[in-house]
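Worksheet for the structure shown next.
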Amino acid sequence: MTHAKSALAALSIAGLFLAPTPALANTSAQAKTHTLTIKVDGIEAPTGRMMIAIFQGAENYRVKDALQGIRPTVSDNTLEAEFSDLPEGDYAITLFQDVNGDGKLNLGKFGIPVEPYGFSNDAAPKFGPPQWDDIRFSVSEDAQTQTIKLR
């Protein structure tokens, strides 16, 4: 990968971690909702917060419009967090560990992330963030789990 492509890839990944939008209100008119557990493995330094965003649908992922976001404190080498009140549908998860507490994914030389990050389906970035089809998963059961290993 050239330095220019590395920088572009890292900046694209960082752009997926914009501040998520508030959760949708759960009204009686909505269909049955579900709970999704996110399990994060591979935490080397149990410090800071895990910045986790969930996207519903390919278009929302493409324009970086998160459905919900959570920021649990990292205090161990694994972390579990939940998203609740999710209607059935297709989703994607992006996350990073904000080790230094500045609220953003820090980038190093050539724009390569220096803080750990990950995606649903444990997808790996290829010349930029993974494509929707690589990280998409369906929520249709009462309780599901996505396990993501930090990179």
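The main-chain N or O of Ala123 is never found under 3.5 Å from a side-chain atom of Asn121 such that the two would form a donor-acceptor pair. With Thr37 contributing its side chain and Thr145 its backbone, the two residues share no donor-acceptor pair below 3.5 Å.
With sequence neighbours excluded, the residues forming a salt bridge (Lys or Arg N to Asp or Glu O under 4.0 Å) with Asp90 are Arg136, listed by chain and number. Listed by chain and number, the residues in a salt bridge (Lys or Arg N to Asp or Glu O under 4.0 Å) with Glu59 are Arg62 (sequence neighbours excluded). Scanning for side chain to side chain contact (heavy atoms under 4.5 Å, CB included) contacts around Ala45 gives Thr47, with sequence neighbours left out.
Ring geometry for Trp132 against Tyr61 counts as tilted: the plane angle lies between 30° and 60°, on a 0 to 90° scale.
Distance check: Gln68 CD to Leu86 CG gives 5.5 Å after rounding to the nearest 0.5 Å. If you take CG on Leu67 and CZ on Phe83, they are separated by 8.5 Å, rounding to the nearest 0.5 Å. For the atom pair Met50 CE and Leu150 CG, the distance stands at 4.5 Å (nearest 0.5 Å). Atom OG1 of Thr73 is separated from atom CG of Asp98 by 11.0 Å, given to the nearest 0.5 angstrom. Rounded to the nearest 0.5 Å, atoms CG (Leu95) and CD1 (Ile54) are 11.0 Å apart. Note: Asn100 CG to Asn106 CG = 4.5 Å, rounded to the nearest 0.5 Å.
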